[in-house]
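Note that this is a predicted model, so its numbers are computed, not measured. First listed ligand is number 1; within each ligand, the first listed atom is number 1.
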Amino acid sequence: MVITRHDEARAVLADPRYVPPPVRQDAPPYTLGWLRAQVSRFSSGETHAERRRALDKRLAQLDPAALRRMAREATLERGGDRTGVPTAVLAAALGVAAPVSLVEAAATGYLSGEETPEADAAVAELTALLGDGPPAVTDLTLLLQAHAATEGLIANALTHADRAGVAGSHRDQGGAAAPHGDQGGAAASRGDRAGVEGLLQETLRHDPPLKASRRVERTTGEEVVIDLVAANRDPAVFADPERFDPARGETPHLTFGHGLRPCPASAHALALAAGVLDGLRATADRSAPLPEGDL
Ligand code: HEM
């Protein structure tokens, strides 16, 4: 069953009868399958509650404002080369030596469960570097969950910024038509007023980096796919839902999940993405030619 309505999606995500699709528990140690069997994300019941408490405790040690500053500085230092910045900053803030390339290789199959030799090798290397006990698994799951989603959010936000000429993008100041029929100029002026936060919030609603969430009904085994794109554009909840409008502010989008197991790091994700966009804007400001007449 595919769910597209916002109210139905919220109901499933808040209902304990619906759990994440179970993962195999017999994978050899230090493989991707082994890691997936250890983490909060794919567990349920008391095991999930316990692992989730460990995640919340670890995340409470990370200050989103500091993450944003670090992401800005790292992006600026790299001259605007943003790829990998969120993961590198998160690893530094956690105080772990986890190369971005290994996180990326392991993250590739983390959500889908596609077990490849590359992903297995990356998990083995990461556990050799970080350890294989519960604290290391907590840090690893944070890095793997964060990686693709945060990179995806930034990429999607930049696409909109480019089209509308807002935050982080000094190109195309309102000339081109923005997506879904919006006019670039109008979106640009709304976007400039709304700033980086407005751009990110609306990108989360309009173009979620993760397009779907899956659940299984515990007793019947029925699989439910929640179509986040459709739910985030449900006309019963969002006025003019197809229009990308950074001035909407915070909306009840479901991109960070809802109910029993929403993303525990939405503030951290937003801070990392905002920091990268701040850094891109600062890089562009630095390289912009001085106005004529300036000394
Ligand atoms: C734009 C970026 C992000 C998005 C859209 C996102 C979205 C989500 C969603 C929807 C879930 C719940 C999945 C479900 O309901 O089955 C989730 C879980 C999770 N996210 Fe995020 N996330 C993002 C960034 C991050 C970051 C930066 C971190 C870590 C610093 C993180 C850590 C986690 C963890 C550990 C879980 C599992 C929670 C649990 O097991 O209860 N996420 N995320």
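- With hydrogens and angles disregarded, a donor-acceptor distance shorter than 3.5 Å links the side chain of Arg51 to the backbone of Val39.
- In terms of protein heavy-atom proximity, atom 28 (C) of ligand 1 is nearest to Ala265 CB, 3.3 Å.
- For Glu250, the CD atom sits in a loose shell: 12 or fewer heavy atoms of surrounding residues, nucleotides or ligands are nearer than 6.0 Å.
- Taking all heavy atoms of Gly152, Pro21, Ser266, Ser40 into account, the minimum distance to atom 40 (O) of ligand 1 is reached by Ser40.
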From CA spacing to verdict: side-chain contact (heavy atoms from CB on, under 4.5 Å), Leu144, Val103
CA-CA 6 Å; Leu144 298 193; Val103 173; 3.8 Å; yes

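- Atom 24 (C) of ligand 1 has as its closest protein heavy atom Ala269 CB, 3.5 Å.
- For ligand 1, none of its N or O atoms has an N or O atom of Thr141 under 3.5 Å away.
- For the residues Ala267, Ala271, Cys263, the heavy atom positioned nearest atom 8 (C) of ligand 1 is part of Cys263.
- Listed by atom number, the atoms of ligand 1 under 4.0 Å from Leu153 heavy atoms are 1 (C).
- Although no hydrogens or angles enter the test, the distance criterion places a donor-acceptor pair under 3.5 Å between the side chain of Glu202 and the main chain of Asp245.
- Counting heavy-atom neighbours within 6.0 Å of Arg24 CZ, excluding the residue itself, gives a total above 12.
- Within the 4.0 Å heavy-atom cutoff, Pro20 does not count among the residues contacting ligand 1.
- Counting only heavy atoms of the protein, atom 37 (C) of ligand 1 lies nearest to Arg41 CD, 3.8 Å.
- The nearest pair of heavy atoms linking Pro16 to Val19 is O-CG1, 3.9 Å.
- Contact annotation: for Leu143 versus ligand 1, there are no heavy atoms closer than 4.0 Å.
- Under 4.0 angstrom from ligand 1, there are no non-hydrogen atoms of Arg214.
- Atom 27 (C) of ligand 1 has Ala146 CB, 3.3 Å as its closest protein atom, hydrogens excluded (heavy atom only).
- Against a heavy-atom cut-off of under 4.0 Å, Ala149 is close to the following atoms of ligand 1: 1 (C), 2 (C), 3 (C), 4 (C), 23 (C).
- Contact annotation: for Arg215 versus ligand 1, heavy atoms closer than 4.0 Å belong to the side chain alone.
- In Leu90, the part holding a heavy atom less than 4.0 Å from any atom of ligand 1 is the side chain.
- Residue-level proximity to ligand 1 for Leu270 is absent, since no heavy atom of it falls below 4.0 angstrom.
- Residue Thr150 places no N or O, backbone or side chain, under 3.5 Å from any N or O of ligand 1.
- Between Thr255 and ligand 1, not a single N/O pair is under 3.5 Å apart.
- Annotation: Phe238 is in aromatic contact with His6 [ring centroid separation under 6.0 Å].
- Minimum interatomic distance between Ala105 and Glu118 (heavy atoms only, all atoms of both residues): CB-O, 4.4 Å.
- With atom 19 (C) of ligand 1 as the reference point, the heavy atom nearest to it among Arg51, Gln145, Arg52 is part of Gln145.
- Judged by distance alone, with hydrogens and angles left aside, the side-chain atoms of Thr141 form no donor-acceptor pair with the main-chain N or O of Val137 at under 3.5 Å.
- Ring geometry for Phe244 against His160 counts as parallel: the plane angle stays under 30°, on a 0 to 90° scale with 60° as the upper cut.
- Classified by interplanar angle (parallel below 30°, tilted 30° to 60°, perpendicular above 60°), the ring pair His253/Phe256 is tilted.
- No side-chain heavy atom of Leu270 sits less than 4.5 Å from a side-chain heavy atom of Pro64.
- Proximity to Leu210 (heavy-atom distance under 4.0 Å) selects the following atoms of ligand 1: 7 (C).
- Within ligand 1, counting atoms from 1 as listed, the ones closer than 4.0 Å to a heavy atom of His48 are 39 (C), 40 (O), 41 (O).
- Annotation for Pro21 and Val216: closest pair CA-CG2, 3.7 Å, computed over non-hydrogen atoms.
- Atom 4 (C) of ligand 1 has Phe256 CE2, 3.4 Å as its closest protein atom, hydrogens excluded (heavy atom only).
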